[in-house]
Asker: 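Structure below; questions to follow.
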Protein chains: 2
Amino acid sequence: MNEIFIGIDLGGTNIKVGCFDSDIKLICKTATPTHADMGPEAVTDKMAQTAEKLLADAGLSLQDVPSVGLGSPGPAIYSEGIIESATNLPKFKNTPFRDMLSERLGKPVVFENDANVACWGEYAVGAGKDVEDMVFFTLGTGIGGGIINNGKLVHGCDDNAAELGHIIIYPDGRLCNCGQKGCVEAYASANATAKRAAEAIEAGAQSSLKKVLDEKGEITCKDVYQHLKAGDKLAKQITDETAEALALVCINMLHTTEPKRIVFAGGMIAAGDILLNRIKDYFNEHIWSLRKEPVEICFATLGEDAGIIGAAALAKQAHDEGKFNSG
Amino acid sequence: MNEIFIGIDLGGTNIKVGCFDSDIKLICKTATPTHADMGPEAVTDKMAQTAEKLLADAGLSLQDVPSVGLGSPGPAIYSEGIIESATNLPKFKNTPFRDMLSERLGKPVVFENDANVACWGEYAVGAGKDVEDMVFFTLGTGIGGGIINNGKLVHGCDDNAAELGHIIIYPDGRLCNCGQKGCVEAYASANATAKRAAEAIEAGAQSSLKKVLDEKGEITCKDVYQHLKAGDKLAKQITDETAEALALVCINMLHTTEPKRIVFAGGMIAAGDILLNRIKDYFNEHIWSLRKEPVEICFATLGEDAGIIGAAALAKQAHDEGKFNSG
């Protein structure tokens with residue numbers, strides 16, 4: 001009988017669930033609203049029901065599922081499966097979330113930070129599938145990160161490693177939501193990129209984006225890249241600043257865990273090669289001259305399914321390594 | 001029969017050799033000039049002879065030595081035991097150094113970067129002996145680094161991980177010897193600290209260090225800390241800048257591999273608590289407010305023996321793990 005692995009990607013807005021074969025090929029997937037305000041038991045039940053229905057609709061059985069992977073926003077004590085508190089899951093307080101889902105489904109559950117799950121997905125079957133050392137950034141509202149060292153996720157002493165958006169690149173620079181100044185997230189997240197454009201226009205910069213700001217009352221990162229492609233000078237400057245910030249953090253990661261590949265994911269990579277090439281340009285401009293570095297900088301390949309793919313791949317790995325046998 | 005592990009710390013100036021018991025307690029040690037200009041075969045022979053004599057003088061036998069650890073400056077292909085080229089070992093070109101020593105002594109040899117060796121020494125029996133996640137900095141002529149993640153040294157994709165002195169903290173800042181601008185090494189190494197003091201005096205700053213500069217023609221890092229302790233204001237400002245640079249890199253490492261402990265070593269830690277407390281002050285000033293971080297910042301405890309201790313500890317670990325059995 002073929003083994004089926006379930007990957008669940010829990011977000012503040014939606015729960016995504018996917019069923020995968022033992023090669024982590026997608027069989028079927030679905031999504032449903034989270035309704036986090038209903039509290040942890042209702043969310044657990046929703047995840048389980050969604051998974052059960054997905055399996056049934058595809059003619060599959062829960063009996064063929066050895067393990068389930070769950071990616072969740074933090075902060076959490078991932079090694080113990082407990083959500084202490086999470087910004088997007090307000091009713092979760094010291095919730096033993098992994099064990100709740102495990103008991104509800106009667107299956108062992110691997111519980112992991114959402115950025116780490118997406119990182120693992122890219123490592124297992126995506127942009128990093130042929131390397132053993134990888135660094136991963138998600139460029140969204142904020143910047144999340146993941147580090148693979150010698151084929152393993154780096155968790156750190158307290159499950160909070162790879163908060164790569166909060167690497168300080170410009171001391172005394174822009175204030176970040178975390179309270180630090182000059183974090184890469186304060187410059188190069190999708191939100192920060194859009195915000196810098198709006199600030200520049202408000203400060204008097206000439207740009208075709210001004211009309212967008214006047215009409216919509218805001219600028220999105222997507223607007224910036226659309227106007228960049230149309231030749232707007234401010235959009236180019238804003239993109240350059242984003243790319244330079246990302247290049248600096250690439251250099252710092254190179255000198256830290258020395259990845260073979262650095263993978264960028266998230267909505268912002270829709271900007272395409274214009275952004276990627278500028279990151280590489282700045283990397284080459286700022287990197288040392290001691291040796292030619294073998295690191296490759298690229299974009300993720302799994303898109304929005306990275307979370308469910310990574311969760312399923314982690315479930316399979318833990319099963320294959322016999323992690324559930326000892327309790 | 002008790003096992004004896006030999007640790008060798010190869011420097012451009014001296015070769016240090018130590019014999020250790022299986023608890024990595026020092027039995028005896030010695031040092032001899034490297035004479036790197038004699039070339040790799042002569043240096044190999046010198047290391048072997050020194051180790052053999054050290055054992056004989058202590059009434060020990062090479063027969064009781066299961067393995068030898070060798071720490072060496074790089075860059076090198078450590079996994080293959082080859083020194084491609086090393087600044088301080090000019091006649092070494094694509095030298096299969098590990099195998100040369102192994103054949104000469106008839107013992108398996110573990111070969112590792114000198115900063116990693118010292119890091120492993122502190123991890124095994126020094127300032128990091130009770131943690132599994134550690135980051136290590138040597139503050140000397142330059143700044144070297146080592147990272148322990150989950151009880152293992154981080155090597156990276158190409159054996160050049162943990163070049164922590166070249167983390168960029170001030171983009172477009174001081175030019176580093178590596179060709180980058182704003183590396184922490186360009187601010188906080190012993191050399192950079194002394195150089196910043198001399199530059200400030202040459203630019204007109206008032207300081208009791210001016211007399212030193214006038215008389216000796218140079219200022220050392222030791223001078224800076226002596227004058228700091230005597231109350232000199234410029235020495236305090238220079239020390240503060242060093243401490244702030246180190247604090248920033250501590251924050252960045254916290255958000256990367258999340259060590260439980262960050263250990264500073266090297267001649268500069270002779271500055272004592274004045275320096276350590278300023279690093280902690282700046283860390284607390286710049287760190288995020290999202291959570292209280294459990295990281296501990298401290299000084300190394302093994303002093304100049306860290307290299308031979310770490311090399312012996314690596315030799316023992318590889319022996320215990322059966323790494324030499326597969327050839």
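Numbered from 1 within each chain, the chains take letters A, B, ... in sequence-line order.
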Asker: Could you have a look at B/Met253, B/His255, B/Glu163 and say which one has the most heavy-atom pairs with chain A under 4.5 angstrom?
Answerer: B/His255

Asker: Would a 4.5 Å heavy-atom cut-off, applied to side chains only, mark B/Arg291 and A/Glu84 as touching?
Answerer: no

Asker: At a heavy-atom separation under 4.5 Å, does B/Arg261 approach chain A through its side chain, its backbone, both, or neither?
Answerer: neither

Asker: Given B/Asn252, which partner from the list A/Leu164, A/Val249, A/Ile167, A/Ile169 fulfils the side-chain contact (heavy atoms from CB on, under 4.5 Å) test?
Answerer: A/Ile167

Asker: Is a side-chain N or O of B/Glu258 found less than 3.5 angstrom from the main chain of A/Ala162, in a donor-acceptor match?
Answerer: no

Asker: Any idea which of A/Gly145, A/Ala161, A/Gly179 has the most non-hydrogen atom pairs under 4.5 angstrom with chain B?
Answerer: A/Ala161

Asker: Any idea which of B/Ile168, B/Ile147, B/Asn150 has the most non-hydrogen atom pairs under 4.5 angstrom with chain A?
Answerer: B/Ile168

Asker: Hey, is CG on B/Asn160 packed in by over 12 heavy atoms from elsewhere, all under 6.0 Å?
Answerer: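 For B/Asn160, atom CG is crowded (more than 12 foreign heavy atoms under 6.0 Å).
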
Asker: Using side-chain contact (heavy atoms from CB on, under 4.5 Å), reason through B/His286 and A/Asp172 one step at a time and then give a plain yes or no.
Answerer: CA-CA 9 Å; B/His286 289 291; A/Asp172 296 319; 4.2 Å; yes

Asker: Using every non-hydrogen atom in the two residues, find where B/Gly156 and A/Asn149 come nearest and quote the distance to one decimal.
Answerer: N-OD1, 4.3 Å

Asker: Between A/Leu290 and chain B, with a heavy-atom cut-off of 4.5 Å, which part of the residue counts as in contact: side chain, backbone, both or neither?
Answerer: both

Asker: Chain A heavy atoms under 4.5 Å from B/Met134: which part of the residue, side chain, backbone, both or neither?
Answerer: neither

Asker: Measuring from atom CD of A/Gln180 to atom CG of B/Leu248, what distance do you get when rounded to the nearest 0.5 angstrom?
Answerer: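 Answer for the CD-CG pair, A/Gln180 versus B/Leu248, is 9.5 Å.
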
Asker: Under 4.5 Å from any heavy atom of chain A, what part of B/Asp159 do you find: side chain, backbone, both or neither?
Answerer: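 Looking at B/Asp159, just its backbone touches chain A.
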
Asker: Taking atom CG of A/Asp158 and atom NZ of B/Lys260, what is their separation to the nearest 0.5 Å?
Answerer: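 Here the rounded value is 7.0 Å.
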
Asker: Within the distance-only criterion (no hydrogens, no angle test), does the side chain of B/Ser289 pair as donor or acceptor with the backbone N or O of A/Cys178 below 3.5 angstrom?
Answerer: yes

Asker: Supply the atom-to-atom distance B/His166 NE2 to A/Ile287 CD1, rounded to the nearest 0.5 angstrom.
Answerer: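 Output value for this atom pair is 10.5 Å.
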
Asker: Let me know if B/Pro259 has heavy atoms under 4.5 Å from chain A in its side chain, its backbone, both or neither.
Answerer: backbone

